[in-house]
Amino acid sequence: MELETVAKVVGKTYAFVAEDAIHSHERLIRNLIENKRVPQTGWDDATIEYFMQRVSMMDSNNFIGVLIHSFTLTRTNSHSLTMPTTPAGRVGLGEREARIASDLVSRIHFRLGHGVGRSGDIAAIQPKAAGSSLLARVAEGMMLHLLQACGMQRAKACIILPIATGMSIVMCLLTLKQKRPTAKYVVWLRIDQKTCFKAINTTGFIPIVVDGILEGDAIASNIVELKRVLDEIPEEEITCVITTTSCFAPREMDRVEEVSVICKEKNVPHLINNAYGVQCSKCMHAVNEAMRVGRVDAVVQSTDKNFMVPVGGGVVCSQDKDFITHISKTYPGRASSAPVIDIFITLLSLGLDKYKNMVKDRKRLFIYLRDKLSKVAEKHGERVLSVKNNPISLAMTLTHVEKVLAADGKEVTAFGSTLFLKRVSGVRVVSTKATKELCGTTFKGYGAHHDDYPYAYMTAASAIGLTEDEVDVFAQRLDAALTKVHTKKKVKKENSEDVTTSTHPATMSSSQTTTTTTAATFLAS
């Protein structure tokens, strides 16, 4: 609105104050577009909505008024301008014109219906969607700024993909496939989550599985075995090595720095699955160091796990800007802008200071959760496993629970159902005895990341957004569930000897237990 027009209604003084208020919002928006950085302090919802509405008006499906090219200006004797009557708004004759049938759906997406990219490049600017294209570019700049601010300073480019972690890994592998046309193997350091392994098979590569080694309670990267595999296979036949940072205990984060050095020496690409590692300073530091000392071609992150948005987005970053450009050109067709919108609004709302404070609070709550879990475990004859190189996930033995449930003919995994019925979600209960075939490959002890892990256990994670109250309630409900299990045991063995005083490997000291170290590597042809 022009100041003169407003002044005619409310007076010049009030109009000036109102215009200055609007300019305050405009300055924030201008700085954001120019710098493409997450603001230190989050924006209020009114400013975010103001910007989103303005952006949506830049897309063709929201055009109103006369067609610019269809009218002429005529000067009359009274020196005023007149325009002939013309059709209102845009006229769209394409097969995709961002027509949205439901007004509710339209409002959910701020009337942004064109998505991002074009058929040949997901990062391309859309002629019909200047607003959506602007939003995508600014969001990617903000994401890169956040990754660097959280510890990955060596990242030089990133892209927000409208697909979750698994398919983002697929896009990275397809990009590497074009760069290394004779390659057919992917060397994968085993982690018992289906996503990454299925991504390898989806792209048509042959997985070479490098099993981890037991180091006390922890399962660690088998660097010796990795070197042996890379020595035996010609480098041109290897697409890449895939490592993992964030994972379920007792699996530790991979030694990505050591692996990156090996990959650099062997001239083999290195892809890091950093699914929920952005929220963890230790993971981010490890990735940044890997970039510094060796070879890291790309790093994949999840949007929902790190930034508390709905599932559906992935972030790929790299030191190599050309790699990110290649990914954007590999992606087939346009894509939904929903993950970009979610990230953009969330980062604007939080601001850098609040996000970094949440990262610090997550770290504090990890210690708090570990202490609470240790007290419950000790009360019921269990213990928290010692896994020093996993700063997000904790694991607690379920040795006695497994015995009691086995006496009833049940698997230890039934304890997970008990917790879920108490409205505890996210906990994993692992039996260590499961054998699973995945994409033609058989894994022994699936779920435990190892063929012969010695204890049944459950995991709990300190993820970003967790609260102290949630930890307290979880500890109470876990205690109640364990008490119920042991009460059944006592009822069944009312006249038998007290078995709670017996010695069990789960309660023995590390000097009393025997650690078995195994590492099997195989080719799935």
Side-chain angles (χ1 to χ4, degrees), residues 25-59 61-62 98 100 105-117 122-126 128-150 155 157-165 168 278-279 301-317 324 328 331 334-356 358-359 464-465:
H25 296 286
E26 296 285 357
R27 281 191 291 271
L28 287 174
I29 292 170
R30 183 172 61 252
N31 289 336
L32 177 68
I33 294 173
E34 289 176 352
N35 299 317
K36 301 179 184 66
R37 295 167 67 88
V38 182
Q40 287 296 129
T41 304
W43 289 10
D44 62 283
D45 288 350
T47 304
I48 296 173
E49 289 175 1
Y50 175 67
F51 182 42
M52 294 301 296
Q53 294 297 345
R54 292 198 63 180
V55 165
S56 70
M57 291 177 189
M58 296 167 64
D59 282 8
N61 59 301
N62 298 312
I100 304 175
V105 171
S106 180
R107 284 187 282 118
I108 287 172
H109 296 278
F110 285 91
R111 297 178 174 82
L112 295 167
H114 285 286
V116 294
I122 196 176
I125 304 299
Q126 283 195 58
K128 292 190 289 186
S132 294
S133 300
L134 172 67
L135 200 68
R137 296 293 80 74
V138 174
E140 284 170 4
M142 293 168 67
M143 178 57 67
L144 181 60
H145 172 221
L146 182 71
L147 293 174
Q148 293 170 341
C150 288
C158 77
I159 185 169
I160 301 171
L161 296 172
I163 43 181
T165 309
S168 294
V278 180
Q279 61 185 283
Q301 287 82 199
S302 164
T303 57
D304 63 281
K305 294 184 180 75
N306 291 295
F307 309 113
M308 296 162 289
V309 296
V311 173
V315 177
V316 181
C317 65
I324 299 302
S328 68
Y331 190 97
R334 289 172 173 80
S336 169
S337 61
V340 173
I341 294 171
D342 292 341
I343 282 292
F344 181 78
I345 292 175
T346 300
L347 295 185
L348 276 184
S349 181
L350 290 175
L352 186 60
D353 288 344
K354 185 172 182 179
Y355 184 81
K356 293 180 79 171
M358 293 181 76
V359 169
I464 192 167

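Computed from a prediction, not measured in an experiment: that's the story for all the values here. Computed over heavy atoms, backbone and side chain alike; hydrogens, waters and symmetry mates excluded.
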A.B. asks: So, do Leu352 and His145 sit near enough that their side-chain heavy atoms are less than 4.5 Å apart?
C.D. replies: yes
A.B. asks: Side chains of Tyr331 and Ile159, heavy atoms from C-beta outward: is any pair under 4.5 Å?
C.D. replies: no
A.B. asks: Would you call Thr303 and Thr346 a side-chain contact if the rule is heavy atoms closer than 4.5 Å?
C.D. replies: no
A.B. asks: Are Met142 and Ile343 packed together at the side-chain level, in the sense that at least one heavy-atom pair is separated by less than 4.5 angstrom?
C.D. replies: no
A.B. asks: Apply side-chain contact (heavy atoms from CB on, under 4.5 Å) to residues Phe110 and Val55 and explain how you reach the verdict.
C.D. replies: CA-CA 9 Å; Phe110 285 91; Val55 165; over 6 Å; no
A.B. asks: Could you check whether any side-chain heavy atom of Lys305 comes within less than 4.5 Å of a side-chain heavy atom of Val278, counting everything from C-beta outward?
C.D. replies: no
A.B. asks: Nearest 0.5 Å, please: how far is CG in Leu112 from CD1 in Ile341?
C.D. replies: 4.5 Å
A.B. asks: Can you give me the closest heavy-atom contact between Asp45 and Ser349, atom names plus distance?
C.D. replies: OD1-OG, 4.4 Å
A.B. asks: From Arg37 CZ over to Leu347 CG, what is the distance, rounded to the nearest 0.5 angstrom?
C.D. replies: 13.0 Å
A.B. asks: CG/Leu161 to CD/Glu140 distance, rounded to the nearest 0.5 angstrom?
C.D. replies: 8.5 Å
A.B. asks: Looking at every non-hydrogen atom in both residues, tell me the closest pair between Gly113 and Asn61 and how far apart they are.
C.D. replies: N-ND2, 4.3 Å
A.B. asks: Where the side chain of Asn62 meets the backbone of Arg111, is there a donor-acceptor pair that is under 3.5 Å apart?
C.D. replies: yes
A.B. asks: Nearest 0.5 Å, please: how far is OG in Ser328 from CD1 in Ile122?
C.D. replies: 8.0 Å
A.B. asks: Can you name the closest pair of heavy atoms from Met143 and Ile160 and give their distance?
C.D. replies: CB-CD1, 4.3 Å
A.B. asks: Taking the side chain as every heavy atom from C-beta outward, state whether Val38 and Tyr355 have any atom pair closer than 4.5 Å.
C.D. replies: no
A.B. asks: How close do Arg334 and His114 get, heavy atom to heavy atom, and via which atoms?
C.D. replies: CD-O, 4.2 Å
A.B. asks: With rounding to the nearest 0.5 angstrom, report the OG to CD1 distance, Ser336 to Ile163.
C.D. replies: 11.5 Å
A.B. asks: Report the distance from atom CD of Glu49 to atom OG of Ser56, rounding to the nearest 0.5 Å.
C.D. replies: 11.5 Å
A.B. asks: The test is side-chain contact (heavy atoms from CB on, under 4.5 Å); show your working for Asn306 and Ile464 and say whether it passes.
C.D. replies: CA-CA 7 Å; Asn306 291 295; Ile464 192 167; 5.8 Å; no
A.B. asks: Would you indicate whether the side-chain heavy atoms of Leu32 and Leu348 approach each other to under 4.5 Å?
C.D. replies: yes
A.B. asks: Aromatic ring centroids of Phe344 and Phe51 under 6.0 Å?
C.D. replies: yes
A.B. asks: Are more than 12 heavy atoms from other residues, nucleotides or ligands located less than 6.0 Å from atom CZ of Arg137?
C.D. replies: yes
A.B. asks: Identify the heavy atoms of Ala136 and Val116 that sit nearest to each other, and give their distance.
C.D. replies: CB-CG1, 3.9 Å
A.B. asks: Please name the residue in the list Ser132, Ser337, Ser133 that meets the side chain to side chain contact (heavy atoms under 4.5 Å, CB included) test with Asp59.
C.D. replies: Ser132
A.B. asks: Quick one: salt bridge (charged side-chain N to carboxylate O under 4.0 Å, His left out) partners of Lys128, sequence neighbours excluded?
C.D. replies: Glu97
A.B. asks: Would you indicate whether the side-chain heavy atoms of His109 and Ile100 approach each other to under 4.5 Å?
C.D. replies: no
A.B. asks: Any idea which heavy atoms bring Val316 and Ser168 closest together, and the distance?
C.D. replies: CG2-CB, 4.2 Å
